[in-house]
Each structure stands twice: as C-alpha cells, then as structure tokens.
Protein chains: 2
Amino acid sequence: MATIYDVAKIAGVSPKTVSRVLNGDAPVGEKTREAVEKAILELGYVPSNAARMMRSSRSGLIGLITGAISTTSDGNEPKGLPDLLIVQGIQSVMSATGMTLMIADTGGSSARVPELIRTFVEHRAEGLIYVADYHQRVELPPAPKGTPLVLANCYDDLGTPSVLPDDERGQHNLVARLIQAGHSRIGYLTLPKGMDATRLRLDGYKRALAEAGIAFDPELVSTGFMHDKLRNSAVLWDAIDRILSLPNPPTVLCCGNDEMAMRVYGILRTRGIRMPEDISVAGYDNYRVIAETLFPPLTTAELPYAAMGARAADWLLSLINDENHEQINPTLVSGPVNWRSSVTAIAPADGNTIRFPLSNGRNPQ
Amino acid sequence: MATIYDVAKIAGVSPKTVSRVLNGDAPVGEKTREAVEKAILELGYVPSNAARMMRSSRSGLIGLITGAISTTSDGNEPKGLPDLLIVQGIQSVMSATGMTLMIADTGGSSARVPELIRTFVEHRAEGLIYVADYHQRVELPPAPKGTPLVLANCYDDLGTPSVLPDDERGQHNLVARLIQAGHSRIGYLTLPKGMDATRLRLDGYKRALAEAGIAFDPELVSTGFMHDKLRNSAVLWDAIDRILSLPNPPTVLCCGNDEMAMRVYGILRTRGIRMPEDISVAGYDNYRVIAETLFPPLTTAELPYAAMGARAADWLLSLINDENHEQINPTLVSGPVNWRSSVTAIAPADGNTIRFPLSNGRNPQ
DNA sequence: CGATGTCATGACACCGATGTCATAATTAAT
DNA sequence: ATTAATTATGACATCGGTGTCATGACATCG
C-alpha cells in the first residue's frame with residue numbers, strides 16, 4: 001500500500017507538504033497541490049488511519065456490543081432480532097459525525113463481553129454502546145475509565161447512562177386510545193412474568209383505566225406467554241378460553257407483543273371468532289413484518305428502536321466530547337400508537353354514539 | 001492511556017522486554033515477567049492496535065457493508081431484516097479467528113458505498129464483505145486492489161466471489177417433499193416478477209414436478225406479491241380466488257415467502273377455509289418469528305442466512321491468507337425443508353394409502 | 001530602503017509498538 | 001577448562017503520518 005512518502009517522491013515534494021494537501025491545515029501553492037493530487041490519484045493513495053491515530057490519539061471508532069446477556073439465556077436460537085433497528089439508529093447518527101462503528105456479537109455468551117471490550121480498547125475506541133435484545137437489567141464488567149459507555153435497551157445498578165423504551169407510557173397510550181374508541185372491557189394477555197416490560201406495560205394499562213374511571217378487573221388479565229416457549233401455545237389457548245368465557249367478556253384483547261397477537265389471530269380464527277367484528281385485537285412493538293402483514297393489520301404500540309439507538313448515540317457523543325448536557329438517567333423513549341384495522345370503534349357502554357371513525361385499515365376487494 | 005514505556009518504567013525493564021511478555025515471542029525471566037505483569041495490571045495497560053499495526057501492517061479488521069442497494073429502492077422503511085443473520089454468521093467465523101468486524105450501513109443509498117469503502121481502506125481493513133438484503137445483482141465501485149471482496153446474498157457481472165442461496169434447490173426440495181406426502185395439485189403464489197428468487201424458485205418447482213412426472217399446469221401459478229406493496233392485498237386475494245375456483249383446485253398452496261404465507265392464512269380464514277384440513281400451505285425462508293408462531297406452524301424451506309454468512313467469511317479469510325482453495329463462483333448454499341403442521345399428508349390421487357405420517361406439529365390441547 | 005509579515009516549503013522529532021542486532025550471563029558440550 | 005549454545009535483556013531503527021520549528025521568497029508598510 002502506498003504511503004505518504006511515495007506520494008511525496010512522485011510529486012517531488014516533502015511528505016509534510018502532502019500532509020498539508022490532505023488536511024488543508026496550511027496554504028499550499030497551486031502548482032504543488034496539483035502535482036500532489038495527481039500523484040495521489042496515480043498511486044491510489046489512502047492515508048493510514050493507524051498512523052494518523054498515533055499522533056492524534058483520536059481513533060474515530062465506536063465499539064458496539066450486542067447479544068443476549070439474559071439471565072434466562074435460552075440457547076443459541078436467533079429470533080426476529082428487531083434490535084437491529086437500534087443498531088441502525090446508532091449507525092445513522094455515528095456515520096453523520098464521521099465515526100466508524102465496530103460491532104461485536106457476544107453470540108449469547110456473556111462471558112465473551114470482557115474479551116470484546118478489550119478488543120475495542122486495543123483499537124482505542126472512543127466510546128462503547130451495549131445493546132440488549134430486550135428491555136432488561138444487565139451486569140457488565142467495569143468499563144475502562146476514560147471510555148464512556150452507554151446502555152441501550154437495558155440498564156444496570158451502577159447508574160451507567162441508559163436508554164430505555166417507555167413501556168409504561170406506550171401501553172398507557174394504546175389503552176387510552178382503545179377507551180377513546182369506546183372500549184371499556186379490555187382484556188390483557190401479558191408477557192412472561194418477571195420481565196421489566198411485563199410489569200411496566202401492565203402499569204400503563206392500569207393507569208389508562210384509572211384515568212378513565214374504569215375499575216381494574218383482574219379477571220381480564222392473564223399471562224399469555226411463559227418463559228418456557230414450548231408451553232406458550234397451551235398457555236395462550238387457556239388464557240383466551242378463560243377470558244372469553246367470562247360473563248362479561250372483553251371487546252378487545254391487548255397482547256403483550258405482536259408475536260403473541262399473531263398467535264391470538266390463529267387461535268381466535270380456529271374457534272370461528274372474527275376480527276375485528278367479534279373482538280378487537282391489539283399488540284405491542286409494531287414489529288412491522290407482523291403488524292402490517294397480518295390480516296386485518298394490527299393496531300399496536302410502537303417500540304421505538306431506531307429512536308432509542310439515535311438517543312444512545314447522541315448521548316455517547318456528548319459524553320465523548322465532554323459536553324455536559326444534563327441527561328436524565330435512564331432516558332425513556334416513547335413511540336406512537338399505530339392504529340390499524342384490527343380494532344374497531346364500538347358504541348360505548350353508556351349508549352352514546354361514536355364521535356369519530358377510528359378504523360382506517362384497507363380491506364381487500 | 002498508558003503506554004508500553006510507562007509499563008517498562010514501573011517494572012524497571014526496557015519496553016522491548018514488556019513487548020516480549022505481551023507476545024511471548026522470546027524467553028523472559030520469571031521474576032522479570034512477574035514485575036511486568038504487575039505493572040500492566042497496575043496501569044490497566046492495553047496495547048495500542050494502531051501502533052502494532054504500524055509495524056505489522058496487519059490490522060485484524062474486516063469491513064462489512066450492508067444495506068439496500070436495490071435497483072428498486074423502496075424508500076427508507078426498515079423491514080424484518082433477517083439479513084442480520086448473515087451478519088451473525090460472518091461475525092461468528094471472524095471472532096473465532098480473532099478478526100474484528102467493522103460494519104457500516106448504507107442507509108439505503110448506494111451513493112454512500114464508495115465513502116464507506118474508503119473509510120475501511122483508511123483503517124486498512126484486510127478484506128471486505130458486502131451483504132445485500134435479498135438475492136440480487138449489484139454493481140459496486142471497484143474495490144481497492146489488494147483488498148479482497150466477497151459478496152453475500154448478491155452477485156455482480158465481474159466475477160467477484162459471491163455466496164448465494166440455492167433458491168432453485170430449496171424450492172425443489174420443498175415441492176418434492178409435498179409430492180412425497182401425496183400432493184400432486186400444487187399451487188404456487190410467486191414473489192414479484194423480475195426478482196432472481198422468483199425465477200429460481202419457480203424453476204425448482206417445475207423441476208420437482210417434472211421429476212415426479214406431474215405435468216406443469218400454468219393455471220396453478222400466479223403472482224402473489226408485486227413490487228408495489230400497496231397492491232399486495234388485492235393481488236393476493238385475487239390470485240387465491242382464481243386458483244381455488246379452478247375445476248380441479250390444488251391441495252396445497254406454496255407461497256413465495258413466509259410473509260406471503262402469513263397473509264394467505266388471513267385470507268383463507270376470512271373465507272372460512274381451514275388449514276390444513278381444507279388446504280395445506282407452505283412458505284419459503286423459514287422466517288422463524290412467522291413460521292413458528294403462525295397457527296398452525298408453517299412448513300417452509302429454509303433460507304440459510306447464517307450458513308451463507310459463514311461461507312462468505314470463510315471464503316474471505318482464505319482469500320486474505322492467499323490460500324488457493326478453488327471455489328466455485330457463485331457458491332450456492334442450500335437449506336433444509338422445515339416440515340411443520342401447515343401441510344398434511346393426503347391420499348395420493350392413485351388411491352394408495354399414505355406410507356408414513358408427516359405431520360409432527362403440536363396442536364394446543 | 002529596511003523592517004516586518006505572510007506564504008510556501010522542508011527538516012526533524014515524535015506517537016507506541018515491534019524487528020534486528022548486540023551483549024552479558026548462564027548452561028551445556030567437548 | 002574452554003568452546004559453543006542458550007537465555008535474558010537492552011539499544012536502536014522503523015512503520016506512516018503530523019506537530020514544531022526553521023528557512024527562503026515575496027509582498028507590504030512606514
């Protein structure tokens with residue numbers, strides 16, 4: 001690979017002059033510049049970042065670690081991986097500021113994290129981001145001092161800067177919207193117990209009910225997914241069965257996420273229950289491949305992955321540049337409710353007519 | 001950040017001796033080693049990859065470019081992005097050999113590719129991989145000589161090393177399996193015209209029929225998806241309508257991919273058609289979130305993304321190390337058929353009984 | 001016209017590792 | 001015991017850029 005000395009020799013100048021042409025940090029004569037530029041093109045010269053870094057000690061690199069450091073590591077099966085959207089959000093911010101992203105995947109084994117961090121430190125990464133695959137608490141090995149770290153989609157007990165989805169608010173907004181559409185008996189099939197998202201979303205559900213003056217009915221809430229995936233079909237079937245056979249069944253079923261909603265579609269249809277005519281269904285995540293493709297398209301709260309990534313990246317950059325933006329920790333990012341035709345507006349219980357049309361989904365034909 | 005000189009000073013030895021402790025490339029006295037190791041720990045010293053690279057000219061970096069350089073760039077909407085699995089396949093091979101992956105995303109604009117390549121060259125990446133989001137032809141700017149390039153999930157006209165899914169074979173194997181299960185009237189709802197996958201999979205479908213002595217019936221084949229996504233619902237509805245009202249309708253519908261199969265589920269159920277009792281459905285991709293979650297679980301041909309990534313990484317490494325493994329270009333990677341309960345075995349047309357049970361899906365209850 | 005300032009350029013040291021070579025201290029071999 | 005081989009260590013140059021300082025050629029100004 002050509003060096004700055006090769007260029008200098010061909011252009012008949014000193015290496016320092018070539019450097020000046022490259023960086024524009026001092027005036028260079030017109031003819032000299034042309035000669036240098038010609039030589040650069042001729043050799044296909046590209047400056048070495050490593051050599052540059054030796055002097056400047058700025059690497060322009062950001063290290064990104066992803067992977068499932070879950071307490072319940074469920075093997076090596078890759079899933080839908082929407083957390084890539086977080087990575088994309090980070091990437092778009094970073095590339096706009098000229099930083100280069102190095103990524104490493106733990107492959108599900110948290111034991112590899114220290115090794116990955118070390119690699120990044122060897123490359124003198126200026127900052128690190130850890131991305132979790134779902135909202136969770138993590139314990140990371142101590143980051144090297146001087147290298148800022150931001151957590152995305154996870155948090156720890158040490159007060160490390162952390163960007164999280166606002167699950168409580170997202171679910172609240174969705175349920176509030178359902179209530180606005182005339183629903184008051186709202187079933188909720190939750191994610192597995194113990195997950196942060198489960199608790200927070202249930203809180204949001206309750207708050208929306210409370211704000212509307214609707215009493216919380218525990219009969220309407222049931223666990224839809226368990227940690228043991230093999231049992232999910234049976235658990236969900238049973239939960240739906242129980243909720244639908246209540247004396248006063250719900251008019252809409254909120255699902256813990258879109259994947260669950262997809263299963264609910266299958267189960268309801270198997271029983272001859274039509275959506276949204278007989279019952280409405282809502283999800284969570286706005287996992288677009290599911291939400292937009294299901295028939296009817298699914299109303300769902302958006303998990304703002306890309307925005308979370310961008311927030312985390314912004315935060316990291318401000319830490320690197322030592323800007324003292326006082327940032328609330330954790331930073332909660334909320335997303336919109338995506339209203340699609342899996343939910344219909346119904347006449348409210350008090351007999352009032354519906355004030356506005358809410359369904360905007362397209363039906364075939 | 002501490003340097004090797006700091007360590008040397010504290011340990012009371014020369015920098016070179018510290019280097020020897022780090023690399024173990026020459027014997028070091030027991031007591032000296034201990035003193036050096038103590039100093040390293042004390043300072044939290046991590047060697048600088050940049051400085052190392054200056055001498056060795058080996059960066060240990062691999063550049064990975066992803067993004068939709070599609071001729072039909074359909075805007076900025078991120079989808080399910082299963083191509084991350086390719087990245088994971090690459091990552092797992094690379095980390096096993098101690099290489100570090102730098103990734104950059106074009107964000108959908110092919111104009112950014114040269115800029116990204118330049119960044120990688122500045123970092124003296126030892127090899128580049130370009131990953132496309134679906135099987136397609138691409139035109140990349142000429143790679144810098146001396147830096148090998150491998151294409152994953154795409155190919156070009158220049159004979160650049162390329163790893164592709166074996167769509168023809170995958171579809172063939174799936175259809176052959178359906179025939180084995182007693183099906184002989186096999187409908188096929190294709191992906192949009194013009195895509196490589198569409199043509200190849202249709203070829204595989206035809207070959208499987210031919211091998212079984214079943215005449216190809218064009219009436220059973222219809223375009224299920226178009227490039228214009230807004231029309232997909234209508235197109236698919238119509239195609240199903242037409243195929244099912246044939247005098248001799250199919251017993252199974254093959255869908256261009258799993259996403260289409262998910263829509264087909266919805267459409268069939270809306271019409272009161274049960275799966276798999278009334279008709280079987282098969283997909284393509286083994287997009288697990290869909291295939292495993294749909295009810296009933298979907299029989300589908302696997303698009304072996306992770307294997308493709310691993311293959312591409314292996315190939316790149318052999319190019320970097322100048323090993324002359326003669327590699328067929330393009331390298332086709334095939335995946336298994338995932339047999340689930342969306343397809344039932346039926347009595348073959350000739351009245352023979354079914355020779356073995358094929359459904360192994362779990363039903364709730 | 002001499003003093004001062006700006007422009008254009010080069011010599012040289014330095015960043016932090018490692019390769020090469022030299023050297024001193026042991027140990028093994030003859 | 002003397003030579004040869006091995007061990008343990010350091011001095012120094014080098015990789016490819018850039019920061020610092022010096023220098024010569026002009027231009028400007030009082």
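Hydrogens, waters and symmetry mates play no part in the numbers below; they use all other heavy atoms, side chains included. Labels below follow one simple rule: chain letters A, B, ... track the order of the sequence lines, proteins then strands, and each chain is numbered from 1.
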Is a side-chain N or O of Thr119(B) found less than 3.5 angstrom from the main chain of Glu115(B), in a donor-acceptor match?
yes

d(Met308(B) CE, His135(B) NE2) to nearest 0.5 Å is 8.0 Å

Taken to the nearest 0.5 Å, the spacing of Ile65(A) CD1 from Asp105(A) CG works out to 10.0 Å

At 4.0 Å (heavy atoms only), tell me whether Ser57(A) reaches a base, stays on the sugar-phosphate, or touches nothing.
nothing

Contact state string [nucleotides 12-19 of chain D, B base, S sugar-phosphate only, - no protein heavy atom under 4.0 Å]:
-BBBBBBB

Is there a side-chain contact between Val13(B) and Val36(B) (heavy atoms, below 4.5 Å)?
yes

Taking the side chain as C-beta and beyond, is there a heavy-atom pair between Met102(B) and Ile103(A) under 4.5 Å?
no

May I ask you to check whether over 12 heavy atoms, not counting those of Ile328(B), lie within 6.0 Å of atom CD1?
no

Which of these passes salt bridge (Lys or Arg N to Asp or Glu O under 4.0 Å) with Arg137(B): Asp157(B), Asp156(B), Asp196(B)?
Asp157(B)

Watson-Crick/G-U partner (both atom distances under 3.5 Å) of dG24(D)
dC7(C)

Partner of dG30(D) under the Watson-Crick or G-U wobble criteria, both distances under 3.5 Å, comes out as dC1(C)

Check whether the side chains of Thr331(A) and Gln327(A) place a donor and an acceptor atom closer than 3.5 Å, and report yes or no.
yes

For chain A and DNA chain C, what are the first and last nucleotides along the strand, 5' to 3', with at least one atom under 4.0 angstrom from a heavy atom of the protein chain?
dA8(C) to dA17(C)

